[in-house]
Protein chains: 2
Amino acid sequence: MSPDSLMPKNCNIPCIKARCSSCSLRELCLPVGLDEQEVRALDHLVNQRHKIRRGEHLHRAGLSFHSLHVVRSGFFKTYVLQEDGREQVTGFHMPGEVLGLDAISADTHTCNAVALEDSEVCEIPFAKLEGIGRTIPSLMHHFHKIMSREIVRDRGMLMLGGMKAGERLVAFLLNLSHRFAKRGYSPLDFNLRMTREEIGSYLGLKLETISRALSRLQEDGLINVDNKRIRLNDIDHLRRQYGSSSYE
Amino acid sequence: MSPDSLMPKNCNIPCIKARCSSCSLRELCLPVGLDEQEVRALDHLVNQRHKIRRGEHLHRAGLSFHSLHVVRSGFFKTYVLQEDGREQVTGFHMPGEVLGLDAISADTHTCNAVALEDSEVCEIPFAKLEGIGRTIPSLMHHFHKIMSREIVRDRGMLMLGGMKAGERLVAFLLNLSHRFAKRGYSPLDFNLRMTREEIGSYLGLKLETISRALSRLQEDGLINVDNKRIRLNDIDHLRRQYGSSSYE
DNA sequence: GCTCTAGTTTGATTTAAATCAAAACAAGAT
DNA sequence: ATCTTGTTTTGATTTAAATCAAACTAGAGC
């Protein structure tokens with residue numbers, strides 16, 4: 001599914017929280033013990049924290065790339081502008097997820113990232129990450145898993161190819177649900193931060209189609225829709241009926 | 001667009017070809033000088049070469065992951081089976097491209113890879129790659145670019161979301177053309193190794209739609225179709241008319 | 001409170017692609 | 001060569017989604 005946090009699922013060291021001077025050490029803590037020196041190295045890795053207000057951009061396509069960003073709080077969307085001016089949404093990103101992985105390829109950002117609500121990010125200078133990764137192999141390995149997960153996530157979107165509108169939308173909702181759950185929020189009751197049009201762009205559908213599909217799911221009693229608030233009434237039914245969908 | 005070879009575009013060292021005992025050192029050669037010891041390290045990295053006959057699998061979804069594979073010759077498709085039995089094609093892979101990047105995420109292959117013609121691959125044990133990467137930073141960095149390029153590639157496919165059948169198909173053909181060109185083959189005249197059905201699965205369309213779209217392009221004089229052989233008659237027109245398309 | 005705007009819902013109609021169906025074709029096996 | 005079998009093309013029809021259009025809603029600012 002998603003790059004998620006830099007924190008491995010089984011982060012089993014008594015995480016160095018106490019000494020965390022920098023903002024996202026929690027995400028970076030590794031499933032292995034770190035010695036004093038390594039902790040200091042990590043401390044230097046993630047040293048800048050930025051506030052991005054709703055509507056502001058974290059980066060824009062074409063700008064040169066230096067740092068990855070971990071979402072600390074808030075919500076982002078990434079998108080590209082096609083030559084005809086249409087905006088194509090390429091992803092939505094919530095706390096713990098990493099932005100900028102696409103830019104490593106050519107040292108240039110390939111998409112725009114904008115905050116959908118007031119947000120905070122941590123900056124991770126990529127050169128530093130590669131440097132420190134050399135001395136902390138498990139950190140490097142963990143980073144590779146994050147990149148790979150991003151590939152799996154995008155691949156999952158491709159698999160919506162054969163599905164119809166309602167199925168795609170359910171897949172999308174289940175995906176959000178899953179990601180919220182992993183962050184400790186309710187998987188059954190959440191707020192969409194994006195518009196119908198943005199969802200449509202992401203799923204390759206028009207906004208009216210999204211609206212109709214939501215209404216249909218509500219008629220069927222599977223979900224409740226109150227503007228941007230979504231309640232999943234029968235998540236098992238959703239999962240069964242719409243199969244693979246949850247694409248993790 | 002695609003993970004392409006492990007060889008950076010500007011592979012400017014008088015590549016160690018002479019000493020290449022292993023099969024894909026050429027791909028691994030780096031844009032920096034390597035000392036004697038480093039060359040020996042690389043030599044150990046890529047030491048196995050496998051022949052995969054048409055129809056045989058390189059790996060299957062669910063199997064545990066140990067090695068990446070670089071396509072040496074031939075042509076592969078990757079796909080997943082959905083619970084309803086439908087096959088969803090996730091990619092086509094030509095010489096120089098890397099297979100298995102998705103599997104790093106969970107140490108498990110997430111897709112099946114099958115040879116569409118008799119092929120050869122080089123095996124790169126991933127643990128070894130990470131180990132050697134630690135001592136050759138530029139190798140590690142190059143690997144990160146390859147992973148990132150894979151993300152960009154998949155992202156590019158997502159962007160076909162808003163396009164119609166003909167446009168998607170042209171984007172697909174231009175993409176193949178581009179990749180063939182980079183490998184020294186004609187970008188204007190090539191053979192599709194996959195069926196219309198596989199193209200359709202990849203693009204989220206039915207095989208009849210692919211067939212009709214090809215016929216349409218031929219009627220318009222833009223391409224020539226002779227079964228699997230494709231000739232692009234007016235690649236500039238194709239690029240202009242179908243825009244972004246070439247999604248590199 | 002009201003107004004204005006951006007976003008959403010719903011309906012009527014059109015259009016692109018899926019589906020159903022059959023014929024034509026190519027390649028491999030015998 | 002002929003018989004398969006799998007693939008491709010083309011046509012007729014249906015269907016899902018896009019498009020066009022209008023009404024409705026929520027929220028921001030006055």
Side-chain angles (χ1 to χ4, degrees), chain A residues 53-55 75 77 79 84 86-89 92 114 116-118 160-173 191-220 223-231 242, chain B residues 53-55 75 77 84 86-89 92 114 116-118 160-173 191-220 223-231 241-242:
Chain A
R53 271 195 301 260
R54 178 191 162 99
F75 209 87
K77 100 177 158 186
Y79 67 97
D84 60 12
R86 275 198 327 109
E87 167 181 318
Q88 170 69 55
V89 174
F92 300 105
V114 64
L116 294 182
E117 55 184 53
D118 292 353
L160 301 184
M163 302 173 111
K164 35 187 69 132
E167 295 171 326
R168 287 194 207 194
L169 180 62
V170 170
F172 175 72
L173 293 176
N191 253 76
L192 300 174
R193 323 292 162 112
M194 70 297 281
T195 67
R196 308 286 192 260
E197 186 166 22
E198 288 165 334
I199 298 173
S201 173
Y202 184 56
L203 296 177
L205 298 166
K206 292 294 168 191
L207 72 97
E208 296 96 326
T209 306
I210 301 297
S211 179
R212 277 186 245 270
L214 284 171
S215 301
R216 184 72 212 288
L217 288 168
Q218 182 163 236
E219 277 171 39
D220 295 349
I223 69 175
N224 262 55
V225 184
D226 176 20
N227 198 23
K228 289 209 158 30
R229 165 151 253 104
I230 302 286
R231 155 95 56 98
Y242 298 93
Chain B
R53 271 195 302 259
R54 177 191 162 101
F75 209 89
K77 102 179 157 185
D84 59 13
R86 275 197 329 109
E87 166 181 317
Q88 169 70 53
V89 174
F92 300 106
V114 64
L116 294 183
E117 55 185 53
D118 291 354
L160 301 184
M163 302 172 111
K164 37 186 67 137
E167 296 172 325
R168 288 194 208 194
L169 180 62
V170 170
F172 175 72
L173 293 176
N191 254 75
L192 300 175
R193 323 294 163 111
M194 69 297 283
T195 68
R196 308 285 192 260
E197 186 166 21
E198 288 165 335
I199 297 173
S201 172
Y202 184 57
L203 296 177
L205 299 166
K206 292 294 166 191
L207 71 98
E208 296 97 326
T209 305
I210 300 297
S211 179
R212 277 185 244 270
L214 284 170
S215 301
R216 183 70 210 289
L217 289 168
Q218 181 162 236
E219 277 171 39
D220 296 349
I223 69 174
N224 263 53
V225 184
D226 176 22
N227 198 23
K228 288 204 158 32
R229 165 151 252 102
I230 302 286
R231 155 94 58 96
Q241 180 159 353
Y242 297 93

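Below, chains carry the letters A, B, ... as their sequence lines are ordered, and counting in each starts from 1.
Direction change of the helix axis from one end of the helix from dG1(C)-dC30(D) to dT30(C)-dA1(D) to the other is 50°, with five pairs defining each end axis (rounded to 10°).
Looking at every heavy atom in both residues, A213(A) comes nearest to G166(A) through CB-CA, 4.4 Å. In terms of heavy atoms, T209(A) sits closest to A165(A) at CG2-CB, 3.6 Å.
Contact annotation for G200(A): no contact, since no heavy-atom pair falls under 4.0 Å across all strands. Across all strands, L214(B) comes closer than 4.0 Å to no nucleic acid atom at all (heavy-atom distances). As judged by a 4.0 angstrom heavy-atom cut-off over every strand, L205(A) is placed among residues touching the sugar-phosphate backbone only.
Atom CZ of R86(A) has more than 12 heavy atoms from other residues, nucleotides or ligands within 6.0 Å. Around CZ of R216(B), the count of heavy atoms belonging to other residues, nucleotides or ligands within 6.0 Å does not exceed 12.
Within the 4.5 Å cutoff, no side-chain heavy atoms of R54(B) are placed close to those of L116(B). Between E198(B) and K77(B), the closest side-chain pair of non-hydrogen atoms falls below 4.5 Å. The side-chain heavy atoms of N191(A) and I230(A), taken from C-beta on, include no pair separated by under 4.5 Å.
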Set out, line by line, the N/O atom pairs under 3.5 Å between protein and nucleotides 21-29 of chain C.
none

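Counting 5' to 3', DNA chain D first comes under 4.0 angstrom of a heavy atom of chain A and last does so at the ends given by dA17(D) to dC20(D).
Take the nearest nucleotide of DNA chain D for K164(A) and for K228(B): the residue whose nucleotide is more 5' is K228(B).
When atom types are taken as modelled, the side chain of S201(B) and the backbone of E197(B) share no donor-acceptor pair closer than 3.5 angstrom. A donor-acceptor pair under 3.5 Å is absent between the side-chain atoms of R196(A) and the main chain of L207(A), judged by distance alone.
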Check: Could you go step by step and tell me if I199(B) and L169(B) meet the side chain to side chain contact (heavy atoms under 4.5 Å, CB included) rule?
Finding: CA-CA 8 Å; I199(B) 297 173; L169(B) 180 62; 4.2 Å; yes
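Looking at residues two or more places apart in sequence or on another chain, you find a side chain to side chain contact (heavy atoms under 4.5 Å, CB included) between E117(B) and F75(B), S119(B), R193(B). In this view, D118(A) satisfies the side-chain hydrogen bond (donor to acceptor under 3.5 Å, both in side chains) rule with no residue, not counting sequence neighbours.
Considering CG of L192(A) and CG of L173(A), their distance stands at 6.5 Å, rounded to 0.5 Å.
In this structure, the CZ atom of R54(A) is 13 Å from the P atom of dA6(C), given to the nearest Å. Regarding I230(A), its CD1 atom lies at a distance of 12 Å from the C1' atom of dT8(C), rounded to whole Å.
Of all the residues in residues 191-199 of chain B, not one reaches under 4.0 Å from DNA chain C with any non-hydrogen atom.
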